[in-house]
Amino acid sequence: MKIDYASDLHANHWMTWTNNQMKWEYRTRQLTNRLIENGHGEVLVLPGDFSEWNNQALWILDEAAKSYERVYFTFGNHDLYLISKNQRKKYIDSLGRLNDLVTRASEIPNVIPLIKNVDTFKGKVFAGDAMWYLPKTQKDWDFYRGVSNDSEYIKINGHTANDIPRKLYKDSMDWYDTIEDVEIDVFVSHVPPIHNPFSPFEPNGCYMTTLPFMNAKHWICGHDHMQREFSKDGVNFHMNAIGYAQDYSNYPQRNVIPEGKIDEYKSFGIKTFEI
């Protein structure tokens with residue numbers, strides 16, 4: 001089985017929100033087809049951070065599902081952001097936004113949410129969740145409160161900003177503990193379970209989660225905006241974060257489909273591996 005994958009699409013940084021929703025949808029669907037144009041897989045995996053807007057995430061999933069037998073996704077931190085008053089009024093809190101995304105995505109043929117979920121396809125076991133992080137050191141907490149936008153834009157009723165990562169981490173861990181005896185072929189998470197050995201940055205508790213075990217042969221994740229494949233502790237890790245448009249040195253401007261080589265180190269497009 002061949003699996004295509006890409007994370008951290010951040011589509012609204014490539015095709016920006018506009019009052020002309022038909023134009024925005026058309027551009028987003030074009031961008032999606034550009035992303036998957038070199039795809040070879042039966043399965044597409046998208047490990048979160050689609051957009052700050054649910055409609056855009058749903059256009060991506062709907063368009064991608066036309067080209068795959070199965071599309072798996074989980075959510076990232078940006079899929080919880082409430083960046084406008086209208087969003088806060090519509091969704092009440094970030095979990096309301098997530099529930100809206102999952103409910104509507106589940107109605108798209110071939111699309112399966114991996115949010116505290118295990119699914120078998122053609123004899124291969126897929127499992128996944130965002131697998132939230134938990135800041136540990138004072139430096140981690142200072143980063144969370146002073147640098148990360150998560151503390152400002154993720155809102156859960158009845159929880160302070162400091163309580164939110166604790167709650168989301170506990171929710172992930174409570175579920176994860178139930179699958180210790182499951183033999184998993186591919187695990188999908190937004191947050192990596194280890195520090196990327198190729199990262200130029202020091203370990204940061206906001207960019208990795210801590211797990212009691214890893215029982216998957218392959219692990220697809222993102223969040224740290226790197227494009228790398230490597231093996232560690234018997235697990236094959238696959239990271240292909242698209243990231244922000246402004247991080248590509250030769251990308252001409254937003255709302256333009258990226259063509260050709262737009263950066264010396266990063267590429268815009270899915271990657272593929274086989275199991």
task: Please lay out, stage by stage, how Arg29 and Asp62 fare under the test salt bridge (charged side-chain N to carboxylate O under 4.0 Å, His left out).
output: CA-CA 9 Å; Arg29 290 182 182 273; Asp62 182 69; 2.9 Å; yes

Residues, nucleotides or ligands: over 12 heavy atoms within 6.0 Å of [X] [atom1]:
X: Glu37; atom1: CD; answer: yes
X: Lys232; atom1: NZ; answer: no
X: Phe213; atom1: CZ; answer: yes
X: Lys23; atom1: NZ; answer: no

Salt-bridge present ([X], [Y]; N to O < 4.0 Å):
X: Lys116; Y: Asp171; value: no
X: Glu107; Y: Arg104; value: no
X: Glu183; Y: Lys217; value: no
X: Asp163; Y: Arg166; value: yes
X: Glu69; Y: Lys122; value: yes

Could you state whether [X] and [Y] fall into the same hydrophobic cluster, counting links through intermediate Ile, Leu, Val, Met, Phe, Trp or Tyr residues with side-chain heavy atoms under 4.5 angstrom apart?
X: Leu211; Y: Tyr169; result: yes
X: Ile156; Y: Ile92; result: no
X: Ile115; Y: Trp132; result: yes
X: Val235; Y: Phe198; result: yes

N/O donor-acceptor pair under 3.5 Å between [X] side chain and [Y] backbone:
X: Ser199; Y: Phe201; result: yes
X: Ser51; Y: Ala11; result: no
X: His190; Y: Pro47; result: yes
X: Asp79; Y: Asp49; result: yes
X: Tyr144; Y: Lys139; result: no
X: Asp8; Y: His223; result: yes
X: His238; Y: Lys271; result: no
X: His40; Y: Asn38; result: yes
X: Asp140; Y: Cys206; result: no
X: Asp185; Y: Val125; result: yes

- prompt: Relative to each other, are the rings of Phe143 and Tyr207 parallel, tilted or perpendicular (30° and 60° limits)?
  reply: perpendicular

- request: Would you please indicate yes or no on a ring centroid separation below 6.0 angstrom for Phe187 and Tyr176?
  value: yes

message: Through direct or indirect side-chain contacts below 4.5 angstrom among Ile, Leu, Val, Met, Phe, Trp and Tyr, which residues connect to Ile3?
response: Met1, Tyr5, Val43, Val45, Tyr72, Ile112, Leu114, Phe121, Phe126, Val186, Val188, Ile220, Phe273, Ile275

message: Evaluate Met22 against Asn20 for side chain to side chain contact (heavy atoms under 4.5 Å, CB included), listing each step before the verdict.
response: CA-CA 6 Å; Met22 291 182 66; Asn20 188 332; 3.8 Å; yes

Going by distance alone, is a donor N or O of one side chain under 3.5 Å from an acceptor N or O of the other, for [X] and [Y]?
X: Ser189; Y: Trp219; answer: yes
X: Glu180; Y: Asn215; answer: no
X: Tyr81; Y: Asp150; answer: yes

message: Determine whether His225 and His10 satisfy the following criterion, ring pair (Phe, Tyr, Trp, His ring centres under 6.0 Å), listing intermediate values before the conclusion.
response: CA-CA 11 Å; His225 285 206; His10 293 289; 5.0 Å; yes

- prompt: Checking ring-ring contact (aromatic ring centres under 6.0 Å, His included) against Trp14, which of Tyr244, Phe268, Trp24, Phe50 comes through?
  reply: Phe268

Atom pair OG1 (Thr28) and CD (Gln21), whose distance is rounded to the nearest 0.5 Å: 9.0 Å

task: Start with the C-alpha distance between Lys155 and Arg97, add both sets of side-chain angles, then the distance that settles side chain to side chain contact (heavy atoms under 4.5 Å, CB included), and finish with yes or no.
output: CA-CA 10 Å; Lys155 309 290 185 183; Arg97 186 186 163 203; over 6 Å; no

